[in-house]
Amino acid sequence: MNQERPRRAKEEHAIVLDFLKNGYSSDSRPFHQKEPIIQALGKDHFVLLELVSKPDKSFKPHDEVYIGDDDRPDIAYIKGALQTVKLTQTAKRELNFIVEKLVSDNEEKYLNFYNNSGPISLRSHQLELLPGIGKRHSREILEQRSIEPFNSFDEIKERVKAVPNPKKAIIDRILFELEDGDRYKLFVRV
């Protein structure tokens with residue numbers, strides 16, 4: 001029996017977290033053999049990536065680069081997935097800001113989670129995986145969305161009293177998943 005391996009999430013665009021023009025300082029290869037490294041975050045699935053830029057290119061944090069299957073104007077190749085422990089200090093610092101911007105820029109996508117998330121088991125719901133949202137808040141959110149779907153993060157706060165900041169809950173969950181903090185992946189794909 002031939003079992004198919006699960007397909008990796010495919011990113012088309014990535015956001016630069018850090019650019020190491022001369023590669024990693026820990027790389028013991030001669031200077032002329034070092035590659036310019038970009039540590040980046042996939043824009044759609046939050047995959048942490050290590051990219052090699054084309055020669056004579058320069059990047060700064062928050063730049064967007066194309067990494068899809070077509071001709072890549074800035075990227076020589078994708079070296080592979082990256083773990084958070086391998087991120088530079090600059091990349092770690094920028095990660096929070098970039099995740100926050102991606103969530104803000106795609107509010108409808110994350111509202112869709114609040115409006116359509118489902119149960120994990122008979123006793124728990126995906127909403128309960130968000131920081132600060134337990135069974136009581138989850139029940140209130142489910143009741144309110146059954147009356148009418150939410151149209152904004154602010155509306156969630158208005159209609160569900162005492163719920164923590166719904167946007168921040170999404171951001172914190174994404175950062176937690178990037179740290180490989182849970183077996184359930186709501187937003188980060190590998």
Side-chain angles (χ1 to χ4, degrees), residues 1-15 17 39-50 62 67 78 80-87 89 91-190:
M1 185 185 304
N2 188 7
Q3 286 188 336
E4 276 189 46
R5 295 175 78 188
R7 293 186 61 161
R8 289 186 153 268
K10 189 81 170 140
E11 297 282 8
E12 291 286 317
H13 297 272
I15 309 297
L17 297 169
Q39 292 188 337
L41 180 68
K43 196 172 172 181
D44 293 323
H45 305 289
F46 299 103
V47 178
L48 286 169
L49 296 164
E50 188 174 48
H62 300 263
I67 58 170
I78 299 169
L82 193 60
Q83 294 180 318
T84 52
V85 294
K86 298 254 184 177
L87 292 176
Q89 288 303 315
K92 286 177 186 174
R93 190 174 50 248
E94 296 301 324
L95 183 62
N96 294 343
F97 298 114
I98 290 171
V99 168
E100 183 175 347
K101 181 172 181 357
L102 288 172
V103 170
S104 294
D105 290 351
N106 297 288
E107 183 173 349
E108 189 175 322
K109 176 180 177 180
Y110 300 102
L111 278 173
N112 193 38
F113 174 78
Y114 280 101
N115 287 323
N116 298 307
S117 58
I120 298 170
S121 68
L122 291 173
R123 295 178 183 229
S124 62
H125 196 278
Q126 287 179 328
L127 288 167
E128 294 170 37
L129 296 176
L130 296 176
I133 297 182
K135 290 198 180 299
R136 185 174 61 86
H137 285 124
S138 178
R139 235 183 344 268
E140 289 179 45
I141 291 169
L142 292 171
E143 287 171 15
Q144 286 297 315
R145 82 178 193 191
S146 70
I147 296 167
E148 182 181 348
F150 299 107
N151 294 311
S152 71
F153 289 132
D154 289 335
E155 186 180 334
I156 296 171
K157 287 194 308 194
E158 286 172 23
R159 290 172 46 193
V160 182
K161 301 300 178 212
V163 73
N165 183 332
K167 179 172 128 181
K168 186 172 180 344
I170 297 279
I171 293 165
D172 289 348
R173 178 64 195 192
I174 291 167
L175 293 170
F176 180 69
E177 289 180 23
L178 284 169
E179 291 286 341
D180 210 20
D182 197 346
R183 67 181 182 168
Y184 296 110
K185 302 292 186 201
L186 302 175
F187 307 108
V188 175
R189 304 285 182 255
V190 270

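Since we're looking at a predicted model, the values are computed, not measured. Along the sequence shown, residues carry numbers from 1.
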Are [X] and [Y] packed together at the side-chain level, in the sense that at least one heavy-atom pair is separated by less than 4.5 angstrom?
| X | Y | answer |
| --- | --- | --- |
| T84 | L87 | yes |
| I147 | Q144 | yes |
| L17 | L48 | yes |
| I133 | Y114 | yes |

Heavy-atom closest pair, residues [X] and [Y]:
| X | Y | result |
| --- | --- | --- |
| K157 | P166 | CG-CD, 3.3 Å |
| R173 | L186 | NE-CD1, 4.0 Å |
| F187 | F46 | O-CD1, 3.7 Å |
| I174 | V188 | O-CG2, 3.8 Å |
| D180 | K185 | OD1-NZ, 3.1 Å |
| S117 | L127 | OG-CG, 3.4 Å |

A quick test of your reading: do over 12 heavy atoms of other residues, nucleotides or ligands sit less than 6.0 Å from [atom1] of [X]?
| X | atom1 | value |
| --- | --- | --- |
| K86 | NZ | no |
| K135 | NZ | yes |
| E12 | CD | yes |

State whether [X] and [Y] are salt-bridged, where the test is any N-O pair (Lys NZ or Arg NE/NH1/NH2 against Asp/Glu carboxylate O) under 4.0 Å.
| X | Y | value |
| --- | --- | --- |
| E11 | K43 | no |
| R136 | E140 | yes |
| D172 | K167 | no |

If you measure from [atom1] on [X] to [atom2] on [Y], what distance do you get to the nearest 0.5 Å?
| X | Y | atom1 | atom2 | value |
| --- | --- | --- | --- | --- |
| L129 | R183 | CG | CZ | 9.5 Å |
| L175 | N96 | CG | CG | 5.0 Å |
| E100 | I170 | CD | CD1 | 13.0 Å |
| R145 | N115 | CZ | CG | 7.0 Å |
| K101 | I15 | NZ | CD1 | 8.0 Å |
| H13 | D44 | NE2 | CG | 8.0 Å |

Check against side chain to side chain contact (heavy atoms under 4.5 Å, CB included), L41 and V47: CA-CA 6 Å; L41 180 68; V47 178; over 6 Å; no

Worked verdict on I120 versus H125 for side chain to side chain contact (heavy atoms under 4.5 Å, CB included): CA-CA 5 Å; I120 298 170; H125 196 278; 5.9 Å; no

Check against side chain to side chain contact (heavy atoms under 4.5 Å, CB included), Q126 and F113: CA-CA 9 Å; Q126 287 179 328; F113 174 78; 3.9 Å; yes

Pair F153 and Y110, ring centroids less than 6.0 Å apart: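 Not under 6.0 Å, so no.
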
